[in-house]
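This report refers to the structure that appears directly beneath it.
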Amino acid sequence: MRDLDLETFKKVVMAGVVGELLFEAYSWLLSPILFGPILEPAKLVTAIVAKVTGVVLPYGPAFVIHFLIGSVLFALMVYALNKILNKGYVLAGLVTGLILWFVAQGMLAPFIGRPFMMEFGAYTQSSFIAHTSMMLVIGFVLSKLMASKPD
């Protein structure tokens, strides 16, 4: 990613923040209506930190960590995947969202003692919508920001 200059990085982070805000709004407001559970990935962060280090991380810092990972690292994944595939940011967002959903439910959940893919229950289904929507939005916003000309 040699061409990831500061201006491009800012665009990636802006797209990431928009996507992460959508993720959180969906998780707290729509998921309970559509599926029942509120999605709280900060609890996953807390559980991973506790398992790996033995440290009990409070919810607030875990929320910030997840928000930063979502808005910066996941957005960078969309940017990088687009560079590799060269098929557009939206497709890169979709592929990234599918990967992240599987990692969260199929790998990280079992790592902390939950069933694989959380037994494909309501939480997993809602998580699918949250992760893929977030990454599609990041891809869409990136496609618009990267097409815009600087002033």
Side-chain angles (χ1 to χ4, degrees), residues 1-31 34 37-112 114 117-118 123-151:
M1 290 194 298
R2 293 179 308 216
D3 59 339
L4 184 62
D5 58 20
L6 182 58
E7 289 306 309
T8 302
F9 181 73
K10 286 178 185 178
K11 291 176 181 181
V12 170
V13 172
M14 281 191 281
V17 168
V18 171
E20 185 62 36
L21 288 172
L22 172 86
F23 180 94
E24 293 300 336
Y26 169 83
S27 297
W28 290 91
L29 302 174
L30 289 178
S31 179
L34 298 173
I38 294 172
L39 302 181
E40 296 184 83
K43 289 182 178 179
L44 178 64
V45 173
T46 299
I48 291 169
V49 169
K51 183 167 183 166
V52 172
T53 68
V55 173
V56 178
L57 185 67
Y59 188 87
F63 183 91
V64 171
I65 288 168
H66 184 269
F67 193 92
L68 290 173
I69 290 169
S71 57
V72 179
L73 293 181
F74 293 171
L76 283 169
M77 288 174 63
V78 173
Y79 177 80
L81 189 58
N82 179 62
K83 289 291 181 190
I84 293 166
L85 298 178
N86 198 27
K87 297 290 183 186
Y89 289 104
V90 174
L91 179 62
L94 176 61
V95 171
T96 304
L98 292 170
I99 292 168
L100 293 177
W101 171 68
F102 179 79
V103 168
Q105 302 302 311
M107 298 171 74
L108 296 178
F111 178 73
I112 62 164
R114 302 274 171 90
M117 296 303 284
M118 302 277 287
Y123 195 96
T124 302
Q125 294 169 39
S126 188
S127 175
F128 173 81
I129 292 172
H131 284 94
T132 55
S133 296
M134 173 180 130
M135 301 315 293
L136 280 166
V137 166
I138 289 173
F140 177 77
V141 172
L142 260 178
S143 71
K144 298 303 177 189
L145 291 174
M146 297 304 278
S148 67
K149 298 202 187 301
D151 293 337

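Position 1 is the first residue of the sequence, and the numbers go up from there.
At least one donor-acceptor pair under 3.5 Å links the side chain of Ser31 to the backbone N or O of Pro37.
Test His131, Met77, Met134 against Thr96 for side-chain contact (heavy atoms from CB on, under 4.5 Å) and you get one pass: Met77. The only option from Leu22, Ile129, Leu39 that meets the side-chain contact (heavy atoms from CB on, under 4.5 Å) definition with Ser27 turns out to be Leu39. Partner of Ser71 under the side-chain contact (heavy atoms from CB on, under 4.5 Å) criterion, chosen from Val12, Val17, Val13, Val18: Val17.
Partners of Tyr123 according to the side chain to side chain donor-acceptor pair (under 3.5 Å) rule, which considers only residues two or more places apart in sequence or in another chain, do not exist here. Every residue two or more places apart in sequence or in another chain was checked for a salt bridge (Lys or Arg N to Asp or Glu O under 4.0 Å) with Glu20, and none qualifies. Remark: Phe74 pairs with no residue by the ring-ring contact (aromatic ring centres under 6.0 Å, His included) rule, at least two apart or across chains.
Taking CG from Leu76 and OG1 from Thr8, the interatomic distance works out to 11.0 Å, rounded to the nearest 0.5 Å. In this structure, the separation between OG1 on Thr124 and CH2 on Trp101 is 7.0 Å, given to the nearest 0.5 Å. To the nearest 0.5 Å, the span separating CE on Met135 from CD1 on Ile99 amounts to 9.5 Å. A distance of 10.0 Å separates CZ of Phe140 from CG of Leu145, quoted to the nearest 0.5 Å. One finds the CG atom of Leu30 at 5.5 Å from the CG atom of Leu34 (value rounded to the nearest 0.5 Å). We find the OG-CE distance between Ser127 and Met117 to be 7.5 Å, quoted to the nearest 0.5 Å.
Taking the side chain as every heavy atom from C-beta outward, Tyr79 and Met146 approach each other to under 4.5 Å. Using a 4.5 Å heavy-atom cutoff, the side chains of Val64 and Leu68 are in contact. Residues Tyr89 and Ile138 have side chains not in contact (no heavy-atom distance under 4.5 Å, counting atoms from C-beta outward).
Heavy-atom minimum distance, Ala92 versus Asn82: CB-N, 3.7 Å. Closest non-hydrogen pair, Ala42 versus Ala62, comes out as O-CB, 3.4 Å. Here the closest non-hydrogen pair linking Pro61 and Pro58 is CD-O, 3.2 Å.
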For this session: Please test Leu57 against Ile65 for side chain to side chain contact (heavy atoms under 4.5 Å, CB included), starting from the C-alpha separation and ending with a verdict.
Result: CA-CA 11 Å; Leu57 185 67; Ile65 288 168; 3.7 Å; yes
For this session: Tell me, with the steps shown, if Glu24 and Trp28 meet side-chain hydrogen bond (donor to acceptor under 3.5 Å, both in side chains).
Result: CA-CA 6 Å; Glu24 293 300 336; Trp28 290 91; 3.1 Å; yes
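Within a 6.0 Å sphere centred on NZ of Lys144, heavy atoms belonging to other residues, nucleotides or ligands number 12 at most.
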